[in-house]
Amino acid sequence: MAASITVSLPDGSQRELDERATGADLAAAIGPRLAKAAVAVTVDGTEWDLSSPLPDGAAVSVVTGNTAEGRRVLRHSTAHVMAQAVTRLWPGASYAIGPAIEDGFYYDFDLPGGAHFSEDDLGRIEDAMRAIVAEDQPFVREEHSVSEGLQIFGDQPFKVEIIQGVDSSEGAGEGVVSAYRNGGGFVDLCRGPHVPTTGRLGHFKLQKVAAAYWRGDEHRPQLQRIYGTAWESKAALEEHLQRLEEAEKRDHRKLGAELDLFHFPPEIGGGLPVFHPKGGLIRKLMEDHSRAEHERAGYDFVYTPHLAKSTLFEISGHLGWYKDGMYPPMEMEGATYYPKPMNCPMHILIFNDRLHSYRELPIRLFEFGTVYRFERSGVLNGLLRVRGITQDDSHIFCTQEQLAGELASLLAFVLRLLRTFGLTEFEAELATRPDKSVGSEEEWAAAEAALRAAMEAAGIPYVVADGEGAFYAPKIDVHVRDAIGRRWQVSTLQVDLQMPQRFDMSYVGSDNERHRPWMIHRALFGSIERFFGILVEHYAGAFPTWLAPVQVQVLPVRDDHHAYAFRVADRLRAEGFRVEVVPADEGVGARVRRGRLAKIPYLLVVGDEDVEAGTVGVNSRGAQRPDKGVAVADFASQLAAEVVAHLAPAAP
RNA sequence: GCCCGAGUAGCUCAGUUGGUCAGAGCAGGCGCCUUGUAAGCGUCAGGUCGUCGGUUCGAAUCCGACCUCGGGCUCCA
């Protein structure tokens, strides 16, 4: 009997190993560097521990710490170490779940006596974790029957609940649960895999404490959560922490105050911003651009009120399924009024006001409609989550034959608009029919197929979120990546399978019969407030010239250059640019500094030489040195070219 | 709503164990300076130290409640 096995590697090669050889043995056989970087293996697509013997004939690949999968293993193992540290410091603590998440991990605990963590505890816990890492404890996998598992975790109520919920679809197999035991007497129920020993960890940082409900349910016990992050190397950890710092610098609330764009007066209430002149101007430019694009794309502009009688929301169904998200009612002259949470019912009433012919379709109604939604105080987040939301909202009513074409051109329209704002990386998500839904099988299939075809035509990457659609609509959500790689959901396109029916909408077809129109909801910015916040962070407050509230400042060197400075400013203003003159009450250096801090695209310094030659000294935002002696006419045409360039963003 | 954290001048922050601790810089007003690329000088004004209550001879400082803001609350062993 040959005491060897053969496994195949991702590059297609075969490798012969001793019988009972493990993933660690394989990595070591390939090379010492790989052995050092390895954290787990995948065996026929499933992640395994490095210490498990490999089966003969398996397709194996070694997972290293610098990959997404590898980091997940590192983070998950670090979460275990944290749980062990917490149980050392708080004997009797129960631990619930501790998964790896994007960029880190967390673990939820129930501390004895209802104790809470405070931020000051994080340092102590980190110290205890470092001790455990220094002890280099092995992670030893065990498999048990459910009843054994219940016995082992008898004093861990959350683990017991998890074990009771285990079915054959998860865990180590039917009726089997796996656990990992560390040298320090700590055992945790876990699917694995884990790094071989705690000594493989160490580049981590605990970040914050928070409360979280068991299984996210506010009716269940509240647990104490600690968030942390972990990486494969010190350099990677530091890079991540630096990214967080960069994100903090871009915080739209901070920049919004510094650049005097908007604020949230407590007298008005949480989640209800006011836009200051500069922020208002940016917002107006965004809206103007959007309106111009919609006009070109064949939309009709409508306006609808902020309130409506309860009747409307009974017909629309909002009072049935969305009441918790609505502001409470107002009584007036015997009628009950609600602030609208969505614009769609009102747009439908415009459609329904008279009978339409198929010849008129598609009808595309557009409105910057402000809706009010009652968001719980705890979830408000600057402009990113507000209670007064202005949607760049539109409802398209069309025939079934038009549906696919409308969606395809709509998606192209969305992407063009987003590119104008410097957002060029897209990912879409197609959310399909959930278990509970309205509409027929055929309608859903037709709508989903049309959405899918639109994404194929647009050529953007997408994933299918099975069963994640609203009960009345399949939808496409468009996500963008910003300048520092963060992902934001912005646009949404939904095919509504409910409203046309609720409002008994119809049009007359060529056959002289009544037909039900198809209805598409769509918002491109999503919420203007939110999109504004995303843009502030994306641009780090340095808005491109076409959006900058002040595009140019003219800085006369001395008083006697003022007349020339105003002539330059007037000339640029006459060409439609937004220009300020900053008089020589301060030194040029001080004024340049202010201009840079205000992130103004161009600062023009004008002195003796410029008055003489009809030139300006151009300081472009971000440039190290000024470009002196530029003719005013040249600067003006350059500026004009830059500003119109945004209207024709480069195709992908 | 719940847990953690924070609230001192418009902004950013100092304020040791409760006793000249009510301060600084920026921003603002006024005056001087006339300036060629990231802060010129002087001067003035600004705060019931988030609010209310309590402890104390004495509270920005200690305690309690409340308010506001920030972080987190289904990424499923």
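Here the structure is a predicted model, which means the values were calculated and not measured. Every heavy atom of this structure was used, including side-chain atoms; hydrogens, water molecules and symmetry mates were not. Numbers restart at 1 for each chain; the letters A, B, ... are given by sequence-line order, proteins then strands.
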Counterpart base for [N], defined by Watson-Crick or G-U wobble contacts under 3.5 Å:
N     : result
B:C30 : B:G42
B:U68 : B:A6
B:G23 : B:C13
B:C62 : B:G54

A:W48 and A:T46: side chain donor to acceptor below 3.5 Å: no
Work out how far the [atom1] atom of [N] is from that of [M], and round it to whole angstrom.
N     : M     : atom1 : value
B:A24 : B:C67 : C1'   : 29 Å
B:U12 : B:G47 : C1'   : 15 Å
B:C75 : B:U17 : C1'   : 47 Å
B:A39 : B:C33 : C1'   : 15 Å
B:G58 : B:G72 : C1'   : 41 Å
B:A45 : B:G29 : C1'   : 7 Å
B:A77 : B:U16 : C1'   : 49 Å
B:U20 : B:U61 : P     : 14 Å

With a cut-off of less than 4.0 Å, is there a side-chain N or O of A:Y106 near OP1 or OP2 of B:C75?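 Yes, such a contact exists.
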Below 4.0 Å: OP1/OP2 of B:G71 and any side-chain N or O of A:N381: yes
Which residues pass the ring pair (Phe, Tyr, Trp, His ring centres under 6.0 Å) test with [X], sequence neighbours left out?
X      : answer
A:F153 : none
A:H144 : none
A:F109 : A:Y107, A:F117
A:F566 : none

Under 4.0 Å protein heavy-atom contacts per nucleotide of nucleotides 34-45 of chain B, with B for base, S for backbone only and - for none: BBBBBBB-----
Once each nucleotide of nucleotides 1-9 of chain B is scored for protein heavy atoms under 4.0 Å, what B/S/- sequence comes out, 5' to 3'? BBBSS----
Under the side chain to side chain donor-acceptor pair (under 3.5 Å) rule, collect the residues that match up with [X], sequence neighbours excluded.
X      : result
A:D44  : none
A:D585 : none
A:S145 : A:S147
A:S77  : A:H194

[atom1] of [X] versus [atom2] of [N]: gap in Å, rounded?
X      : N     : atom1 : atom2 : value
A:Y227 : B:C73 : OH    : P     : 4 Å
A:L261 : B:C11 : CG    : C1'   : 15 Å
A:E102 : B:C75 : CD    : P     : 13 Å
A:D260 : B:G28 : CG    : C1'   : 14 Å
A:Y107 : B:C75 : OH    : C1'   : 16 Å
A:L272 : B:C69 : CG    : P     : 10 Å
A:F109 : B:G72 : CZ    : P     : 19 Å
A:F105 : B:A77 : CZ    : P     : 16 Å

At 4.0 Å (heavy atoms only), tell me whether [X] reaches a base, stays on the sugar-phosphate, or touches nothing.
X      : result
A:G270 : sugar-phosphate
A:A179 : nothing
A:F264 : nothing

If you take any heavy atom closer than 4.0 Å to RNA chain B, which residues from residues 248-259 of chain A end up in contact?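 Heavy-atom contacts with RNA chain B come from A:R253.
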Positions of residues 79-92 of chain A (non-hydrogen atom under 4.0 Å from RNA chain B), listed by number: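 Close to the strand, none.
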With A:E537 as reference, evaluate A:R253, A:R486, A:K249, A:K254 under the salt bridge (Lys or Arg N to Asp or Glu O under 4.0 Å) test and give the passing residue.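 Output: one option passes, namely A:R486.
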Using a strict 4.0 Å threshold on nitrogen-to-oxygen distance, state whether [X] and [Y] make a salt bridge.
X      : Y      : answer
A:D260 : A:K278 : no
A:D610 : A:K628 : no
A:R141 : A:E143 : yes
A:E47  : A:R191 : no
A:E375 : A:R385 : yes

Can you check whether A:V81 reaches A:F186 side chain to side chain, under 4.5 Å on heavy atoms? no
Anti versus syn assignment for B:G58, with syn defined as within 90° of 0: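 This nucleotide is in anti.
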